[in-house]
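Sharing a structure below in structure tokens format, with a few things to ask.
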Amino acid sequence: TVGYGDATADTIQGQMVSVLGMTIGGVIFSWFMSNIFSILNPDPTKEKHQEQMQYVVTYLKVNNLPIDTAARVLQFFRKTSVFSFDEGRLLTALPFHLRQELFDWLYSHIIRSIPLFADLEDHFIHELCLSVSPVEYPQYQLIYQHHDRANETFIVVDAQVSMMKVIN
């Protein structure tokens, strides 16, 4: 029955129509409630990204940056994931052995593919894996300048890097 039970289906066809009606009603009700919930409780990461983009656009307008520079800045922030998460906080919440297993799976094959590290013992590779921190840079991003003190080592996995020397 549907409703108060005062009307029941007596035939198989009537029962099938009732089941179909209840199913369609349930789907429509679920869809309606999820839309209401998303209106009342919007995704905070998406809102944060939109606020950040608005701030960036305002900053670019106020400072009257050259068009090509402004376009690259906007492109960088647009590429930033809307649904990003704090990887560091997520990984530090894991128990040490699980974090080490995860890092080994993610990075040991990359580290071992470098001839300098290929023959190292497993425990040293584990330590290297735990110190890896993936970074992404937008196209044309300057990472180091001549005479900068290097305090990091980069392993380029999937990119193209150019080294240039400015001659005065």
Side-chain angles (χ1 to χ4, degrees), residues 1-111 126-143 151-161:
T1 67
V2 178
Y4 295 106
D6 54 350
T8 59
D10 295 328
T11 66
I12 296 291
Q13 291 85 3
Q15 290 173 353
M16 290 175 63
V17 168
S18 295
V19 169
L20 183 64
M22 287 186 275
T23 304
I24 291 173
V27 168
I28 290 172
F29 181 75
S30 299
W31 173 80
F32 179 74
M33 291 307 292
S34 69
N35 283 330
I36 294 294
F37 182 72
S38 68
I39 290 170
L40 296 176
N41 190 16
D43 184 6
T45 56
K46 194 172 186 177
E47 271 188 11
K48 185 177 178 182
H49 184 74
Q50 289 172 344
E51 287 175 12
Q52 181 183 25
M53 289 303 298
Q54 187 61 40
Y55 180 78
V56 168
V57 168
T58 304
Y59 177 82
L60 295 174
K61 286 180 182 177
V62 167
N63 289 299
N64 202 18
L65 291 173
I67 293 173
D68 62 325
T69 304
R72 286 200 321 261
V73 170
L74 279 174
Q75 180 183 15
F76 170 78
F77 283 105
R78 282 188 184 125
K79 282 185 177 180
T80 304
S81 177
V82 174
F83 300 104
S84 63
F85 57 91
D86 186 353
E87 184 180 21
R89 188 168 44 164
L90 175 82
L91 295 174
T92 54
L94 291 173
F96 177 77
H97 69 280
L98 191 54
R99 186 172 56 236
Q100 184 173 15
E101 182 181 336
L102 176 69
F103 275 43
D104 283 349
W105 187 84
L106 290 171
Y107 306 123
S108 65
H109 67 282
I110 296 170
I111 292 173
H126 294 314
E127 292 298 321
L128 279 175
C129 289
L130 286 171
S131 65
V132 169
S133 178
V135 293
E136 290 183 23
Y137 292 103
Q139 189 175 12
Y140 306 115
Q141 172 70 38
L142 179 65
I143 299 171
N151 58 0
E152 296 173 304
T153 300
F154 291 94
I155 299 171
V156 179
V157 177
D158 184 23
Q160 205 172 14
V161 178

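Quick note: residue numbers are just sequence positions, from 1.
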- Is the side chain of S108 donor-acceptor paired with the backbone N or O of W105 at a distance under 3.5 Å, no angle test? no
- Message: Do V132 and I111 make a side-chain contact, defined as non-hydrogen atoms from C-beta onward lying under 4.5 Å apart?
- Response: yes
- Message: Could you check whether atom CD1 of I36 has more than 12 heavy atoms from other residues, nucleotides or ligands sitting under 6.0 Å from it?
- Response: yes
- Item | I155 side chain reached by Y107 side chain, heavy atoms, under 4.5 Å | no
- Query: Do other residues, nucleotides or ligands put more than 12 heavy atoms under 6.0 Å from the CZ atom of F154?
  - Reply: yes
- Distance, nearest 0.5 Å, that separates CG of L128 from CZ of F103: 12.5 Å
- Task: Enter the distance from Q100:CD to E127:CD here, rounded to the nearest 0.5 Å.
- Result: 7.0 Å
- Is the CD atom of Q15 crowded by more than 12 outside heavy atoms at less than 6.0 Å? yes
- Determine, stepwise, if the pair V19 / M16 fulfils side chain to side chain contact (heavy atoms under 4.5 Å, CB included). CA-CA 5 Å; V19 169; M16 290 175 63; 5.8 Å; no
- Say you draw a straight line from CG of D104 to NE2 of H109; how long is it, rounded to the nearest 0.5 Å? 11.5 Å
- Closest heavy-atom contact between L60 and A70? CD1-O, 3.7 Å
- side chain to side chain contact (heavy atoms under 4.5 Å, CB included) involving S30 - partner list, sequence neighbours excluded: none
